[in-house]
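Structure record follows, encoded as structure tokens.
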Number of protein chains: 2
Amino acid sequence: MATAETESDDHLGDWADRHLSRRRDHAACLPLDDEVEAITVRLERVLRHLRQSVRHALDEVGLQNCAYETLHLLMIRDTPGRATPSALAADLGVSGAGMTGRLDALERAGWVRRTPATGDRRRVDVVITEAGEQIWRRATVLRGRAESRMFDSLRAEDRACLAALLRQLTLRIELPDGPAAD
Amino acid sequence: MATAETESDDHLGDWADRHLSRRRDHAACLPLDDEVEAITVRLERVLRHLRQSVRHALDEVGLQNCAYETLHLLMIRDTPGRATPSALAADLGVSGAGMTGRLDALERAGWVRRTPATGDRRRVDVVITEAGEQIWRRATVLRGRAESRMFDSLRAEDRACLAALLRQLTLRIELPDGPAAD
DNA sequence: GACCAATAATTAGCTGGCGAACTAGCTTCC
DNA sequence: GGAAGCTAGTTCGCCAGCTAATTATTGGTC
């Protein structure tokens, strides 16, 4: 069980430990749950680092993270390499306007094409190009390596445990009446 | 152990499950580790949701998330309520220019003051005001509730386990020769 | 004691994202 | 069958953050 080694890795603790101990010293009056605060602070820091590693890895193929994300979600779907802007926007969690901007950049770079969809003339299909697919493939390999490096310090069981715990959270989030309600 | 209930919560799985199964169907050739991909995808989604909840909670006191973060790190430190812009910028992970912008907004709102530091006339001390401390206090309560709601679906042991696993990751990240190297 | 590199903060210019308004095309319903 | 309302995508104006350049100050070094 992962909790067993909580206090053994580093005598000083991590940034979050120091953050929490300062909070206990100076703002103990506030009704914050230390464990929840520790989780959120560490989530932020892990993800920040992860993004930075991936960004660095993608530099190698000259792809920005947001461009890569878009290409990736364009490929990883039921109709690989083809989607409408609004479907992509929903998956990526960006606004319609943001999507237009990303697609403009991708089209300028020659990695996707916009073609009018058949049937409904309001619609547009975004289609990946040969060049787009190639750069996506190369980038995905690099990104995979960067991400794996991030988690290779965890034992296999711990990695599985982390995956399972996060899954519990995402399942909850995705419920129609998830924890978003006030 | 959390892994025991991986397959019991929801018959369809979460967004990440569907994402991975599409990847297996359409891009199995790529050397990506499914478990790592699942973790990173879920991390992104959990954090996105968390930020949204917190943003929503902070609306109630009329505070933007970035303003709150800044006030919070200004309070939670060895010298609560007082810091230099560059120290804050380092803690927040924003650039110096970004920090100037945030402080401009906070000062305009009357939540902090900039005062010249004694001794070194290049330096500036950012000091929280009475109003700033009050709004920080109110906002912190609201934020704590929003965050707790996010994690209250986990059993206490699972929450502790998650905290411990994330701590292993942040400890590693913060090593001088962490997994950032290429 | 004058020059030069280092440091703290700011400013300038750019990018990417957002919400709101807009355009075009589809659907519904009397 | 045509007006009202909905949907898909884009454009517009704005904001926040970044990098690079700028200003001011400090501390070495000869």
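Every chain is numbered from 1 and lettered A, B, ... according to where its sequence line falls, protein lines coming before strand lines. As the structure is a prediction and not an experimental result, all values here were calculated from the model.
Using a 4.5 Å cut-off on side-chain heavy atoms (C-beta onward), B/P85 and B/V126 make contact. Side-chain contact between A/R143 and A/V61 is absent, with no heavy-atom pair separated by less than 4.5 Å. At a threshold of 4.5 Å between non-hydrogen side-chain atoms, the residues A/D91 and A/H72 do not count as touching. Counting heavy atoms from C-beta on, the side chains of B/H19 and B/E37 come closer than 4.5 Å. Under the 4.5 Å side-chain criterion, counting only non-hydrogen atoms from C-beta, B/C66 is in contact with B/R102. Residues B/E69 and B/N65 are in side-chain contact: their nearest non-hydrogen atoms beyond the backbone lie under 4.5 Å apart.
Hydrophobic clustering (ILVMFWY, side-chain heavy atoms < 4.5 Å, transitive): B/L106 and B/L74 are in one cluster. Cluster membership check: B/L47 shares its hydrophobic cluster with B/L154, using side-chain heavy-atom separations under 4.5 Å among Ile, Leu, Val, Met, Phe, Trp and Tyr. Cluster annotation: A/L142 and A/L73 are assigned to the same hydrophobic cluster (Ile/Leu/Val/Met/Phe/Trp/Tyr, side-chain heavy-atom contacts under 4.5 Å, transitive).
Looking at heavy-atom distances under 4.0 Å, A/G96 makes contact with a base.
Once you apply a 4.0 Å limit to the heavy atoms of chain B, the touched nucleotides of DNA chain D run 5' to 3' over D/dA16 to D/dT26.
For the segment residues 82-91 of chain A, the set of residues with a heavy atom within less than 4.0 Å of an atom of DNA chain C is empty. Remark: nothing in residues 65-73 of chain B comes within less than 4.0 Å of DNA chain C through any heavy atom. Non-hydrogen atoms lying under 4.0 Å from DNA chain C are contributed by B/R114, B/R122, B/R123, B/V124, all within residues 108-126 of chain B.
One can place CG of A/L92 at 13 Å from C1' of C/dG17, the figure rounded to the nearest angstrom.
Residues B/E44 and B/R48 are not paired through a salt bridge, judged by the lack of any N-O separation under 4.0 Å between the basic side chain and the carboxylate.
One finds no side-chain N or O of A/Q64 lying less than 4.0 angstrom from the OP1 or OP2 phosphate oxygen of C/dT15.
Each of A/L166, A/T170, A/L169 was evaluated against B/L43; a single residue qualifies, A/L166, per the side chain to side chain contact (heavy atoms under 4.5 Å, CB included) test.
Checked against salt bridge (charged side-chain N to carboxylate O under 4.0 Å, His left out), A/R145 has no partners two or more places apart in sequence or in another chain. For A/R114, the salt bridge (charged side-chain N to carboxylate O under 4.0 Å, His left out) partners two or more places apart in sequence, or in a different chain, are A/D104, A/E107.
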